[in-house]
Peer 1: 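Mind having a look at this structure? Questions to follow.
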Amino acid sequence: MDPSKETDDHWMQLALTLADRAAAEGEVPVGAVLVLNDEAIGKGWNRPIGTHDATAHAEIQALRDAGLRMGNYRLPGTTLYVTLEPCVMCAGAIIHARIGEVVFGASDPKAGACGSLFDILPSDERFNHRTGCRGGILAEACGETLRAFFQARRRRQTIPMIDK
């Protein structure tokens, strides 16, 4: 196995574990891990419902965690592994944090900012920092986690309530 693929798979698997934590809390299952020198320095999972905070996406949570641990909001040379392609809000935070690269699992054709809907991270030259972006790492597992969550949610919404 290619060492970089092995590394990508390892960190994405951890991000999937964090996505499961989000699902267990009733949140959309997205997880993120920020890595520096082969060490996790920040972890996050979606928490907007539980925290009543629209900005509490997995990526933002991981950046906040790393910023506190490292004592700086700028995190150059890091790689962010996230199970779903980042949205525009998260892409902006990633740029401000000077993240070196984003590696994501499933593409997000409805809100993705790494080439699916917007092309903010990999190529927008209007920003003073550019973040590399690669997708498709454990994409099937990441996508299945999201599909299963939304299928279960739709089933719960269609079950008729019985008065007792």
Side-chain angles (χ1 to χ4, degrees), residues 5-35 40-69 75 78-97 99 101-122 124 131-164:
K5 180 177 177 2
E6 188 175 305
T7 298
D8 286 348
D9 287 356
H10 168 76
W11 292 116
M12 191 61 72
Q13 195 59 53
L14 178 54
L16 277 164
T17 300
L18 295 168
D20 290 342
R21 186 166 178 177
E25 294 177 10
E27 304 275 1
V28 175
V30 178
V33 181
L34 190 64
V35 177
I41 62 166
K43 297 176 185 173
W45 57 94
N46 267 5
R47 301 193 68 220
I49 297 167
T51 60
H52 310 289
D53 179 358
T55 69
H57 288 192
E59 300 94 324
I60 303 295
Q61 300 291 83
L63 294 177
R64 287 176 179 158
D65 185 34
L68 289 171
R69 288 176 193 234
L75 303 160
T78 57
T79 301
L80 180 66
Y81 289 87
V82 60
T83 57
L84 181 65
E85 180 180 1
C87 70
V88 172
M89 175 188 69
C90 292
I94 287 164
I95 290 166
H96 285 291
I99 303 303
E101 182 177 35
V102 171
V103 178
F104 66 89
S107 295
D108 186 353
K110 293 182 179 179
C114 291
S116 289
L117 183 61
F118 300 101
D119 215 12
I120 292 173
L121 289 183
D124 195 321
T131 298
C133 201
R134 296 184 288 124
I137 306 302
L138 299 183
E140 187 55 40
C142 293
E144 183 53 37
T145 298
L146 289 158
R147 280 189 294 278
F149 175 82
F150 286 112
Q151 285 174 352
R153 180 182 272 180
R154 283 190 294 275
R155 276 195 302 276
R156 283 192 304 272
Q157 289 175 349
T158 60
I159 297 172
M161 298 303 289
I162 299 173
D163 292 336
K164 291 192 177 200

Peer 1: Decide whether Gln61 and Arg64 meet the rule of one side-chain donor and one side-chain acceptor closer than 3.5 Å.
Peer 2: yes
Peer 1: Just distance, no hydrogens or angles: give the donor-acceptor pairs under 3.5 Å from side chains in residues 103-114, sequence neighbours left out.
Peer 2:
| residue | atom | partner | partner atom | Å |
| --- | --- | --- | --- | --- |
| Asp108 | OD1 | Lys110 | N | 3.2 |
| Asp108 | OD1 | Ala111 | N | 3.3 |

Peer 1: If you look at every heavy atom in Ala91 and Ile120, which pair is closest and at what distance?
Peer 2: CB-CG2, 4.0 Å
Peer 1: Do you know the tightest heavy-atom contact between Val33 and Ala40?
Peer 2: CG1-CB, 3.8 Å
Peer 1: Side chains of Leu18 and Tyr81: does their closest heavy-atom pair fall under 4.5 Å?
Peer 2: no
Peer 1: Got a second to check how far Ser116's OG is from Leu84's CG, nearest 0.5 Å?
Peer 2: 9.0 Å
Peer 1: Considering all heavy atoms of both residues, which atom of Val35 and which atom of Trp11 are nearest to each other, and what is their separation?
Peer 2: CG2-CD2, 3.5 Å
Peer 1: Nearest 0.5 Å please: distance from the CG atom of Leu121 over to the CD1 atom of Ile99.
Peer 2: 10.0 Å
Peer 1: Is there side-chain contact between Phe150 and Val28, with at least one heavy-atom pair below 4.5 Å?
Peer 2: yes
Peer 1: How long is the gap from CG on Leu16 to CG on Asp9, to the nearest 0.5 Å?
Peer 2: 10.0 Å
Peer 1: Given 3.5 Å as the limit, does a donor-acceptor pair link the side chain of Glu85 with the main chain of Gly135, or not?
Peer 2: no
Peer 1: Do the side chain of Glu59 and the main chain of Ile94 share a donor and acceptor less than 3.5 angstrom apart?
Peer 2: no
Peer 1: Is Leu14 close to Lys43 at the side-chain level, that is, under 4.5 Å between some pair of heavy atoms?
Peer 2: yes
Peer 1: Return yes if some donor-acceptor pair links the side-chain N/O of Asn46 with the main-chain N/O of Pro29 below 3.5 Å, else return no.
Peer 2: no
Peer 1: Out of curiosity, Gln151 CD to Arg156 CZ, how far, rounded to the nearest 0.5 Å?
Peer 2: 12.0 Å
Peer 1: What distance separates Ile41 CD1 from Leu75 CG, expressed to the nearest 0.5 Å?
Peer 2: 5.5 Å
Peer 1: Please report the closest heavy-atom contact between Ala19 and Gly31, naming both atoms and the distance.
Peer 2: CB-N, 3.6 Å
Peer 1: What closest approach, in Å, do Leu138 and Gln13 show between heavy atoms, and which atom pair accounts for it?
Peer 2: CD1-OE1, 3.8 Å
Peer 1: Taking only residues at least two apart or on different chains, which pairs with a member in residues 134-143 satisfy side-chain hydrogen bond (donor to acceptor under 3.5 Å, both in side chains)?
Peer 2: Asp8-Arg134, Glu101-Arg134, Glu140-Arg147
Peer 1: With a 4.5 Å heavy-atom cut-off, do Glu25 and Ile49 have their side chains touching?
Peer 2: no
Peer 1: Identify the heavy atoms of Gly42 and Asp65 that sit nearest to each other, and give their distance.
Peer 2: CA-OD2, 3.3 Å
Peer 1: Look up atom SG in Cys90 and atom NE2 in His57, then write down how far apart they are to the nearest 0.5 Å.
Peer 2: 5.5 Å
